[in-house]
A.B. asks: 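A single structure is presented below for examination.
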Amino acid sequence: MSTTNETPRQLTGETGRLIADRYRILDRIGRGGLADVYSATDEALGREVALKIFRPEFASAADLRRQQDEVRILATRSHPSLVTLFDAISDAEGRGVLVLEYVKGTDVRERLRSGPLATPAVAAIGADIARALAYLHGAGVVHRDVSPANILLPESTASGVAAKLTDLGIARLVDDAKVTATGTVIGTASYLSPEQAAGRPLTAATDVYSLGLVLLECLTGRREFPGNAVESATARLSRDPVIPESLGVAWTELLRGMTAREPGRRLAAGEAASQLSALLAEEARTAVLPAPDEVPTAPVAARDVTTTLPPTLLLPASDAEPTHPLASKAPAARPSTTPEPETERPARSERAASPRRRTALAVILALDALAAVVAVILTIGALSASAHPAPDPVGSYPAVGGTLGTHLKQLEHQVSTSYAP
């Protein structure tokens, strides 16, 4: 059982009482049509538990004694999404008491007061509860009271569980005739299956129908079959739940499969759990992937830099070790003798370029210019050699400073030597 905002912890006349010489009541944490729920300390084991103490008109100690076999069966059921039933005892006044696992948090009924839940949350809650029902149904147990108030939302999800189903088998532990004869179950009448409303025999399919109505309410924020027990029962016997198409095809088909009026046409709890898990995975996938218009697209210039740069741009400057990640893989190539047209060069601002890249680019441009000068000189030299074998073509070289000037001086010496008589 859990603490909810609807019924805050409060001290009552029961506070401090010792039940069955073992359970010390702390305070009241919930109040329902059949019983009050208290937090208590198990003084034998030193742990906090929840005590569900029935009102005398619903479940007495004698009632529970008649159901001891059922109590033992339920107490042996263990599943991460089930609130564990530890024991069934009685107090000094003869009232029936169930000792339950204590879950700190809230429940779906209280959460719905704030409006509909997000679809991923509904899928997670539904998958957990459907798995718990599949486990129970496999053991031959029908819950018979799946409702928002009986689905707890733990405050901590460290265990990976989004929801826990409580009040396991309560309808079978108390006298059904007593419950039916009163108006105290109107709160859960909205979630009864058609066969429950009609008084027909129940199967595991009744739990699936009830869970379908709970999930539908979680998504829409409205109860599908409101009103008192008679109004609610009449409505579900005459029509199927209205499932908005805005929920999408997957949710619509799932909820229709869970809330078919004929039990034989409904999904099994295990099938519902699988489909809810698939919906949860899809919600997580689409939440991670950006929308098509949000997918980042690399600029064309950036792609050109990595795919169309000539090999010369991958070579290191001077005699230094290669620094570009692709330098060791790039084949050696002589600089191009034709400068790259400005319109084909990738657009890149001077601010964005790194100092090393700017230095490399300057050296490359200098080498390109030098190569052009060499080509011109060699052409002039060849023409001059054919017409005038002796003249020295170096005398008219202009004076150039810097690295380019150094290379020109070297070239001047080589040309002079080559043309020396």
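In what follows, residues are counted from 1 in the order of the sequence shown.
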A.B. asks: Are more than 12 heavy atoms from other residues, nucleotides or ligands located less than 6.0 Å from atom CD of Glu93?
C.D. replies: yes

A.B. asks: Between Val161 and Asp128, which heavy-atom pair has the shortest distance, and what is it?
C.D. replies: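 The answer is C-OD2, 3.6 Å.
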
A.B. asks: What I'd like to find out is whether the side chain of Leu117 reaches to under 4.5 Å of the side chain of Leu219, using heavy atoms alone.
C.D. replies: no

A.B. asks: Can you give me the closest heavy-atom contact between Phe225 and Asp240, atom names plus distance?
C.D. replies: CZ-C, 4.5 Å

A.B. asks: Got Leu202 and Glu195 here, is their nearest side-chain heavy-atom distance under 4.5 Å?
C.D. replies: yes

A.B. asks: Just wondering, are more than 12 heavy atoms of other shown residues or ligands nearer than 6.0 Å to CZ in Arg222?
C.D. replies: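 Enclosed: over 12 neighbouring heavy atoms sit under 6.0 Å from CZ of Arg222.
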
A.B. asks: If I compare all heavy atoms of Ala163 with all of Leu153, which pair ends up nearest, and what's the gap?
C.D. replies: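 Minimum heavy-atom contact is CB-CD2, 4.1 Å.
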
A.B. asks: With the side chain counted from C-beta on, respond yes when Leu18 and Tyr23 share a heavy-atom pair under 4.5 Å apart, and no when they do not.
C.D. replies: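 Contact flag for Leu18/Tyr23 side chains = no.
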
A.B. asks: If we ignore hydrogens and angles and just use 3.5 Å, is the side chain of Ser232 paired with the main-chain N or O of Asn228 as donor and acceptor?
C.D. replies: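 Not confirmed, Ser232 side chain does not pair with Asn228 backbone.
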
A.B. asks: Quick one: does NZ or CZ of Arg47 land under 6.0 Å from the six-membered ring centre of Phe86, within 45 degrees of the ring axis?
C.D. replies: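 Judged by the rule (NZ or CZ under 6.0 Å from the ring centre, within 45° of its axis), Arg47 counts as positioned above Phe86.
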
A.B. asks: Regarding Glu231 and Arg223, does a basic nitrogen lie under 4.0 Å from an acidic carboxylate oxygen?
C.D. replies: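 Salt bridge: no.
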
A.B. asks: Assess the residue pair Val242 and Glu224 against the criterion (side-chain contact (heavy atoms from CB on, under 4.5 Å)); give the C-alpha distance rounded to whole Å, side-chain angles, the decisive distance to 0.1 Å, and a yes or no.
C.D. replies: CA-CA 7 Å; Val242 177; Glu224 181 61 21; 3.7 Å; yes

A.B. asks: Should the pair Asp167-Lys52 be classified as a salt bridge under the 4.0 Å nitrogen-to-oxygen rule?
C.D. replies: yes

A.B. asks: Heavy atoms only: give me the nearest Val146-Tyr191 pair and the separation to one decimal.
C.D. replies: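 Of all heavy-atom pairs spanning Val146 and Tyr191, the closest is O-CB, 3.7 Å.
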
A.B. asks: Any donor-acceptor pair under 3.5 Å linking the side chain of Gln275 with the backbone of Ala272?
C.D. replies: no

A.B. asks: Using a strict 4.0 Å threshold on nitrogen-to-oxygen distance, state whether Glu43 and Arg24 make a salt bridge.
C.D. replies: yes

A.B. asks: Tell me, do Leu247 and Ile243 make a side-chain contact under 4.5 Å, heavy atoms counted?
C.D. replies: yes

A.B. asks: Mind listing the closest non-hydrogen atom pair of Ser193 and Ser210 along with its distance?
C.D. replies: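 That would be N-OG, 4.2 Å.
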
A.B. asks: What closest approach, in Å, do Ala197 and Arg236 show between heavy atoms, and which atom pair accounts for it?
C.D. replies: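 For Ala197 and Arg236, the tightest heavy-atom pair comes out as CB-CD, 4.0 Å.
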
A.B. asks: Please examine the side chains of Cys218 and Val108, heavy atoms only from C-beta on, and report whether any two atoms are closer than 4.5 Å.
C.D. replies: yes

A.B. asks: In terms of side-chain geometry, is the basic nitrogen of Arg144 or Asp207 positioned less than 4.0 Å from the acidic oxygen of its partner?
C.D. replies: no

A.B. asks: Are any of the side-chain nitrogens in Glu101 or Lys164 under 4.0 Å away from the carboxylate oxygens of its partner?
C.D. replies: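 Yes.
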
A.B. asks: Do Ile151 and Ile125 have side-chain heavy atoms sitting under 4.5 Å apart?
C.D. replies: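 With C-beta onward as the side chain, the pair touches.
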
A.B. asks: Taking it one step at a time, do Arg113 and Glu110 satisfy salt bridge (Lys or Arg N to Asp or Glu O under 4.0 Å)?
C.D. replies: CA-CA 6 Å; Arg113 295 181 187 277; Glu110 178 62 25; 3.0 Å; yes

A.B. asks: Could you check whether any side-chain heavy atom of Leu152 comes within less than 4.5 Å of a side-chain heavy atom of Thr106, counting everything from C-beta outward?
C.D. replies: no

A.B. asks: So is Arg95 actually on top of Phe54's ring, under 6.0 Å and inside 45° of the axis?
C.D. replies: no

A.B. asks: Run His143 and Asn150 through side-chain contact (heavy atoms from CB on, under 4.5 Å) and show every step you take.
C.D. replies: CA-CA 11 Å; His143 188 282; Asn150 284 336; 4.3 Å; yes

A.B. asks: Tyr38 vs Leu26, test: side-chain contact (heavy atoms from CB on, under 4.5 Å). Steps then yes/no.
C.D. replies: CA-CA 7 Å; Tyr38 300 87; Leu26 300 176; over 6 Å; no

A.B. asks: Please determine whether side-chain contact (heavy atoms from CB on, under 4.5 Å) holds for the pair Leu211 and Tyr209, giving the CA-CA distance in whole Å, both sets of side-chain angles, and the decisive distance to 0.1 Å.
C.D. replies: CA-CA 5 Å; Leu211 178 58; Tyr209 183 95; over 6 Å; no

A.B. asks: Would you say the side chain of Pro241 lies within less than 4.5 Å of the side chain of Leu213, judging by non-hydrogen atoms?
C.D. replies: yes

A.B. asks: Check this for me, if you would: do Glu262 and Arg265 make a salt bridge, where the nitrogen-to-carboxylate-oxygen distance has to be below 4.0 angstrom?
C.D. replies: no

